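Contents: one structure, followed by commentary.
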Amino acid sequence: MAMTGVIRPGHISLRVLDLEEGINFYKNTLGLVETGRDSQGRVYFKAWDERDHNSVLIREAAEAGVDFFAFKVADKATLEKLDGDLKAYGLTTERIPAGEMLETGERVRFKLPSGHFIELYAEKTDVGNGQPYVNPAPWTKEAENGIAPSRMDHCLLYGPDIEKVQEIFEKVLGFFLVEHVVMEDGKTDLAIWLSCSIKAHDIAFVRHPEPGKLHHVAFKLDSWERVLRAADLMSMNKISIDIGPTRHGITRGTTIYAFDPSGNRFETFCGGYDSYPDYKPVKWTWDEVGAGIFYHDRKLNERFLTVVS
């Protein structure tokens, strides 16, 4: 089946409190590959098995958090159509010219009711994964540097009006609801997990009074053993671990959460099930939300719920 419309997460731009400290963490502990630096002071990274030039940007700022999260779309015609669809829905869009980000084409940026900026783009330079496109080996030396995730996978964002956010992602961008947690009233959603692919989620939102907050950005590992290795590396490098290693009930992923030196939470995970647009969404009730988030402990970690950047 041909992939059309929005095809996958593309990049995230993060604010860090100390740029050199951030570079050291993302390059040496997390094990991303540095791919460039620009005149705005942004440093670009990709995971070892990603083909496009960048998936993570960091810049120094007075406050940690997220600037924007982006999705790649199928082609330039799709970008034009979605820009028009977003405007027809009533959202204001901004066209950011090609080259404003290194090796990245024109982007369409818009603001969600949750206070987050989302971008769409169609073009980014393919720099490869260090292997040829003919007869490649299964991994490279970069796959053993630090935690070494294979890709930037998704993010979880905190903010208000998530029902309006869900409508935009479903009706305009073509996503579908995979799982959701309902609050004590049995009707209102506390959290939603949305997908544009066959993954359990490509983006998720939790209802929160403050707009524009980052809960975590997630990086994919290939096995439970790699998650355990990530936990070892976090401890060796004195990285602040939030929770894990453990398992989610929601999405079934195995996971560990921790913080970068600036306080941005990140996840390294593996697993999770495949989903399809015709599947009925899975609902988690308030009395079982502990097992939904942390299946082994069956209770919530207060810091996990309240600490955001």
Side-chain angles (χ1 to χ4, degrees), residues 7-61 64-73 76 79 96-109 117-134 136-155 202 214 216-222 226 230 233 237 239 260-262 264 266-268:
I7 58 176
R8 61 176 171 83
H11 57 254
I12 189 169
S13 178
L14 297 170
R15 301 188 300 270
V16 298
L17 304 181
D18 183 292
L19 187 60
E20 289 306 317
E21 187 178 52
I23 292 169
N24 180 60
F25 168 77
Y26 284 96
K27 186 174 182 178
N28 297 317
T29 301
L30 188 55
L32 302 181
V33 179
E34 183 181 339
T35 56
R37 305 187 184 195
D38 69 19
S39 60
Q40 297 183 51
R42 297 178 297 191
V43 183
Y44 295 68
F45 301 91
K46 63 181 279 297
W48 74 268
D49 204 24
E50 291 175 324
R51 311 294 181 85
D52 285 353
H53 178 271
N54 59 77
S55 62
V56 175
L57 292 76
I58 63 171
R59 69 176 181 92
E60 187 168 292
V66 59
D67 288 325
F68 49 81
F69 189 77
F71 292 92
K72 193 171 189 179
V73 305
K76 293 179 73 173
L79 187 66
I96 302 172
E100 192 276 340
M101 265 179 57
L102 294 182
E103 306 297 330
T104 304
E106 186 178 28
R107 293 130 61 207
V108 171
R109 180 183 294 173
F117 287 97
I118 298 295
E119 295 186 345
L120 306 175
Y121 69 96
E123 297 177 321
K124 188 173 289 190
T125 302
D126 180 349
V127 297
N129 65 352
Q131 292 287 358
Y133 280 100
V134 178
W139 52 274
T140 67
K141 63 182 179 63
E142 286 79 13
E144 294 297 308
N145 174 45
I147 294 169
S150 58
R151 70 173 181 236
M152 187 277 290
D153 189 81
H154 65 269
C155 70
D202 289 298
L214 172 70
H216 71 266
V217 56
F219 297 91
K220 184 179 182 296
L221 299 173
D222 291 334
R226 297 292 290 194
L233 288 169
N237 288 278
I239 298 301
D260 77 3
S262 298
N264 294 308
F266 68 98
E267 177 188 21
T268 52

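Only heavy atoms go into these numbers, but all of them, side chains included; no hydrogens, no water, no symmetry mates. Just so it is clear, the model here is predicted, and its values are computed rather than measured.
Taking CG from Asp18 and CD from Glu60, the interatomic distance works out to 5.5 Å, rounded to the nearest 0.5 Å. Atom CD1 of residue Ile12 and atom NE2 of residue His154 lie 10.5 Å apart, to the nearest 0.5 angstrom. Taking CG of Leu30 as the reference point, atom CG of Asn145 lies at 9.5 Å (rounded to 0.5 Å). Here the CZ-CG distance, from Arg59 to Asp38, works out to 11.0 Å after rounding to the nearest 0.5 Å. Distance check: Glu106 CD to Glu100 CD gives 11.5 Å after rounding to the nearest 0.5 Å. With rounding to the nearest 0.5 angstrom, the CD1 atom of Ile58 is 8.5 Å from the CG atom of Asp260.
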Query raised in the report: Run the side-chain contact (heavy atoms from CB on, under 4.5 Å) check on Asn129 and Thr140 step by step: do they pass?
Result: CA-CA 8 Å; Asn129 65 352; Thr140 67; 5.6 Å; no
Requested in this report: Determine, stepwise, if the pair Lys27 / Thr29 fulfils side-chain contact (heavy atoms from CB on, under 4.5 Å).
Outcome: CA-CA 6 Å; Lys27 186 174 182 178; Thr29 301; over 6 Å; no
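Considering only heavy atoms from C-beta on, Val108 stays 4.5 Å or farther from Val73 through its side chain. Residues Ile23 and Arg37 meet the side-chain proximity criterion, which asks for heavy atoms closer than 4.5 Å. At least one side-chain heavy atom of Phe68 sits under 4.5 Å from a side-chain heavy atom of Arg107. Put simply, the side chain of Pro149 reaches to within 4.5 Å of the side chain of Leu32, judged on heavy atoms.
Counting all heavy atoms, side chain and backbone alike, Ser150 lies closest to Asp222 at OG-OD1, 3.6 Å. In terms of heavy-atom proximity, Ala64 sits nearest to Leu17 at N-CD2, 3.6 Å. Nearest heavy-atom pair across Gly10 and Tyr121 is CA-OH, 3.2 Å. Smallest separation of non-hydrogen atoms from Tyr133 and Gly128: OH-CA, 4.3 Å. Between Glu50 and Ser55 the shortest heavy-atom distance is OE1-OG, 2.7 Å. Smallest separation of non-hydrogen atoms from Ala148 and Leu221: O-CD2, 4.0 Å.
Between the side chain of Asn54 and the backbone N or O of Phe45 there is no donor-acceptor pair closer than 3.5 Å. Judged purely by atom type and a 3.5 angstrom limit, Asn264 has no side-chain atom pairing as donor or acceptor with the backbone of Val16. The closest donor-acceptor contact from the side chain of His11 to the backbone of Leu57 lies at 3.5 Å or more, if one exists at all.
Here Lys124 does not pair with Asp126 in a salt bridge; the nearest charged N to carboxylate O distance is not below 4.0 Å.
Legend: salt bridge (charged side-chain N to carboxylate O under 4.0 Å, His left out) pairs involving residues 145-155, not counting sequence neighbours, sorted by first then second residue: Arg151-Asp153, Asp153-Lys199. Pairs engaging residues 138-150 under the salt bridge (charged side-chain N to carboxylate O under 4.0 Å, His left out) rule: Glu144-Arg226 [sequence neighbours left out]. Pairs passing the ring-ring contact (aromatic ring centres under 6.0 Å, His included) check and including a residue from residues 13-33, sequence neighbours excluded, read Phe25-Phe266.
Between the side chains of Ser13 and Asp67, at least one donor N or O lies within less than 3.5 Å of an accepting N or O.
Tested against Asp52 for a side-chain contact (heavy atoms from CB on, under 4.5 Å), the candidates Glu103, Lys72, Glu123 yield a single pass: Lys72.
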